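Encoded as structure tokens, the structure appears first; notes follow it.
Not measured: the values here are computed from a predicted model. Within every chain, numbering begins at 1; the chains are lettered A, B, ... in the order of the sequence lines, protein sequences first and strands thereafter.
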Amino acid sequence: MSDEEVIRKETQQKLYHLQYKLENADGSDTGEHVIIATVRPETIMGDTAVCVHPNDERYKHIHGKFAIVPLINRRIPIITDEYVTMDFGTGALKVTPAHDMNDNQLGQKYGLEVVDIFNDDGTLNSAAEIYVGLDRFDARKKIVAQLAAEGYLVKTEDYTSEVGYSERTDAVVEPRLSLQWWVDMKKLSGPALDAVMNEEINFHPAKFKNLYRHWMENIKDWCISRQLWWGHRIPAYYAPDGSFAVAASKDDALKQLQSSNSSLQSHDIRQDDDCLDTWFSSWLWPFEVFKGLSDPGNAEVNYYYPTNTLVTAPEIIFFWVARMIMAGKKFMGGKPFNDVYFTGIVRDKQGRKMSKSLGNSPDLLALIDQYGADAVRFGIMIASPAGNDILFDESSLEQGRNFNNKLWNALKLIKMWEARQAEAATNHKPQTTNFAIDWFENRLNLVKTEVNEMMVQFRLSEALKTIYSLIWDDFCSWYLEWIKPGFEQPIDAAVYQKTLVYFEELMELLQPFMPFISEEIYHLLQDRKDDLCVKQVAPLQSFDSSILEAGELLKQGISALRDARNKIQVKPKDPIKLHIQATAEESYRAIENILLKQVNAESIFYTAETVPNTIVVAVEKDKFFIETERQLDTATLQAELLKDLEHQKKFLESVLKKLSNERFVQNAKPEVIALERKKQADAEARIKTIEEGLKNL
RNA sequence: GGGAGCAUAGCUCAGCUGGUUUAGAGCAUCUGCCUUACAAGCAGAGGGUCCGCGGUUCGAACCCGUGUGCUCCCA
């Protein structure tokens, strides 16, 4: 059984002090004894040495002598090793190589005999010589009684130590030696290590390369025998004399064995009872699913191998990923896949792994009922960068649900326009909003490029965040508001058609993350015969950054004016008059209509001078003057402006400090310096604006 | 015991090659809005000694060293 399945528990035991008679090398009695302490007196029949620490003064005189195991009178050597703890028990250790891991290592080091005294069922076998057939615990009682009766038991004390129990049956685990099959890994690991270190195979995230390297450089041989009923039985066959053959069938094995012993018959040979480790079949998976090993070079394996991307958990890098790479290199002569994407483990809010015994796994179907399948996908994906565990929290599912709702409402809005657009053709003259269309088209192309880059790099949660923000912020909060016609006004047919196309393209981006709602909206927007889930993605298109910059100016202007309105408590319904002192008036031509509508201004004037009795707002290098009928609370305003002024001055100071540093100017890249100069100019302009604003109050 | 990783806002986390207006998102908080798509919403705001210390650099959340705390893996 696996070490993993051994549960160590503090257990109350008895420590028995037993005395072993000592003999000289020539077999004569020394008249002395050595006392050992043990919790498992029934294993003394497996003892093949007594070990003491070489520096232990108490035992120096017995080095090289022999001890006699009580009851069975086996003569065993006294050996010395620093492994022995002098102050535990009596400082003399009985060595039982067949039934203790550490003793086994000592046995190998000193070439000790191995005497296995147990049967598979925990009863004593004939090697024990006494109490043969008795259960180990019954034997313990009887042996203690006999040792006491015959004067070998010197002392008994209470003792607590860790004992291994079976995870499944809670039985005390008895270490035993058994015959197992192993794979020599050193021959396989080299090419597999190189493949990952040379980035022939790419790990995502790459941090797992370190872990992989350490494992591969310190690789140990692989025990592939498993004492289980279910699995592939080990294809090894044994002859009565202990010789063996590994073969695909019993007949083949017999033929092999007959070459050295022609009298062997089929009924003489016996197949190994053990099964192969489950990973021993799993490591064949990338090619044997296409019969790449059993039917080499067939059309399927030629087409599919190497595969693209393995998606798996970091905890099985060693068990599975490394071994698949080794098997691929060994049996196929090449890597099994190009990329490996490691997902995180979903944990509960307290960071615990989800498990049946803790009962902390969420009911996925119930969550899907509650939030929707797309919302559950969204909630998990938005929170899981590659290779990092995620703490499961329903609030991200809620975010997904709200996003679904947002998408439906955007669809509802656009569908409303469908009808009004039809009416529009006759009487009304539609308003033009070309800037909004141009801007969103470029914005869409830019974000598509970014998302594509992220997908190539397996930054999936970042890609989803980017798409989410494109849809919610850019499309819904900005674009739809910009093109939205006035109350019961028609929409320009061209704008409407463009909007349908944009919405479709957004659904195309979203499809891998939220397949259901994106497909549904795709079909509801326009009657279509094709399906989004199998649609070929259109090639990326370039974008015009000057239009994007104009869009940024527009957004900033709107936000700054809304913020100012908020602060001076002018209600959204109260109109204002807007005066703009612009460094470049033409940069406002395309966007002024949208700006006017979005900040509820009744008119826009361009001015070269400061406008008295207004509130000043700085946007980039320009100044916006808000003229309003409302009575203003100048005290709060002044405080706000002073706070902002302070901030800007500190900022300017830090920029100037950098620029006055000669070494910075000498060493930094020109574009970095240019940026710092722009920061300086902007900050100075803003400070001037704020100071004028203060004067204006 | 061996190894790997993590530490950034109240919470959960992004921040790719050191320089992008003295750090970003979601949730939570605060202010104002039941505005004809959406109150599961809209418009704004506040909130950070980027774990401590030392170093490299013109420049550090990011690179190096060290300490502390936590997590995972060990055939």
Quick one: look up who [N] pairs with, Watson-Crick or G-U, both distances under 3.5 Å, and put none if it's unpaired.
N	value
B/rA40	none
B/rU35	none
B/rU20	none
B/rG65	B/rC53
B/rC72	B/rG3

Is the phosphate of [N], meaning OP1 or OP2, less than 4.0 Å from a side-chain N or O of [X]?
X	N	value
A/K658	B/rU22	no
A/N405	B/rG41	no
A/K484	B/rA37	yes
A/W408	B/rG41	no
A/N402	B/rA40	no
A/S559	B/rG44	yes

Task: 5' priority, RNA chain B, between A/R459 and A/L413 [closest heavy atom] - done: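 Here A/R459 is the residue nearer the 5' end.
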Task: Pairwise 5' ranking along RNA chain B for A/E398 and A/Q648, keeping only the more 5' one - done: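 By nearest-heavy-atom nucleotide position, the 5'-most residue is A/Q648.
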Mind checking [X] for me? I need base, sugar-phosphate or nothing, with any heavy atom below 4.0 Å counting as a touch.
X	answer
A/F319	sugar-phosphate
A/K415	nothing
A/R323	sugar-phosphate
A/E481	base
A/K412	sugar-phosphate
A/R562	sugar-phosphate
A/N661	sugar-phosphate
A/C223	nothing
A/W320	nothing
A/S469	nothing
A/N404	nothing
A/I219	base
A/D682	base

TODO: Check whether the side chain of A/K678 and the base of B/rU21 form a donor-acceptor pair under 3.5 Å.
DONE: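 Pair found.
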Has [X] got more than 12 heavy atoms of other residues, nucleotides or ligands less than 6.0 Å from its [atom1]?
X	atom1	result
A/H232	NE2	no
A/E662	CD	no
A/F318	CZ	yes

Provide, to the nearest angstrom, the distance between the [atom1] atom belonging to [X] and the [atom2] atom belonging to [N].
X	N	atom1	atom2	value
A/F342	B/rC72	CZ	C1'	14 Å
A/I382	B/rG24	CD1	P	18 Å
A/F651	B/rG19	CZ	P	16 Å
A/M185	B/rC74	CE	P	16 Å

Closest listed nucleotide, where the reference is the side chain of [X] and the choices are [options]:
X	options	value
A/E462	B/rA75, B/rA14, B/rU22	B/rA14
A/W222	B/rG19, B/rA37, B/rA75	B/rA75
A/K679	B/rC73, B/rC58, B/rU21	B/rU21
A/W478	B/rG44, B/rC58, B/rA37	B/rG44

Task: Derivation of the side chain to side chain contact (heavy atoms under 4.5 Å, CB included) call for A/F280 and A/W222 - done: CA-CA 10 Å; A/F280 193 81; A/W222 178 12; 3.8 Å; yes
Open item on the list: I'd like to know if A/E653 and A/K650 make a salt bridge, using a cut-off of under 4.0 Å between side-chain N and carboxylate O.
Closed with: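 Looking at A/K650 together with A/E653, the answer is no, because their closest N to O distance does not fall below 4.0 Å.
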Task: Presence of salt bridge, A/R686 and A/D682, under 4.0 angstrom - done: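 No, this pair does not count.
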What integer number of Å spans the [atom1] atoms of [N] and [M]?
N	M	atom1	answer
B/rC63	B/rG19	P	11 Å
B/rU8	B/rC50	P	11 Å
B/rA61	B/rG18	P	13 Å

Open item on the list: Could you check whether A/E462 and A/Q457, counting side-chain N and O atoms only, form a donor-acceptor pair closer than 3.5 Å?
Closed with: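 Checked: A/Q457/A/E462 side chains show no N/O donor-acceptor pair below 3.5 Å.
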Open item on the list: Checking A/K658 against A/N661 for the side chain to side chain contact (heavy atoms under 4.5 Å, CB included) test, could you report, in this order, the C-alpha distance in whole Å, the side-chain angles of both residues, the deciding distance, and whether it holds?
Closed with: CA-CA 5 Å; A/K658 251 191 197 175; A/N661 182 340; 5.8 Å; no
Open item on the list: Between A/T628 (side chain only) and A/I576 (backbone N and O only), is there a donor and an acceptor less than 3.5 Å apart?
Closed with: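 Absent.
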Open item on the list: Centre-to-centre under 6.0 Å for A/F440 and A/F475, is that the case here?
Closed with: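 Yes, close enough.
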Atom pairs, protein N/O to nucleotides 2-4 of chain B N/O, distance under 3.5 Å:
unit_1, atom_1, unit_2, atom_2, d
B/rG3, O2', A/H214, ND1, 3.3

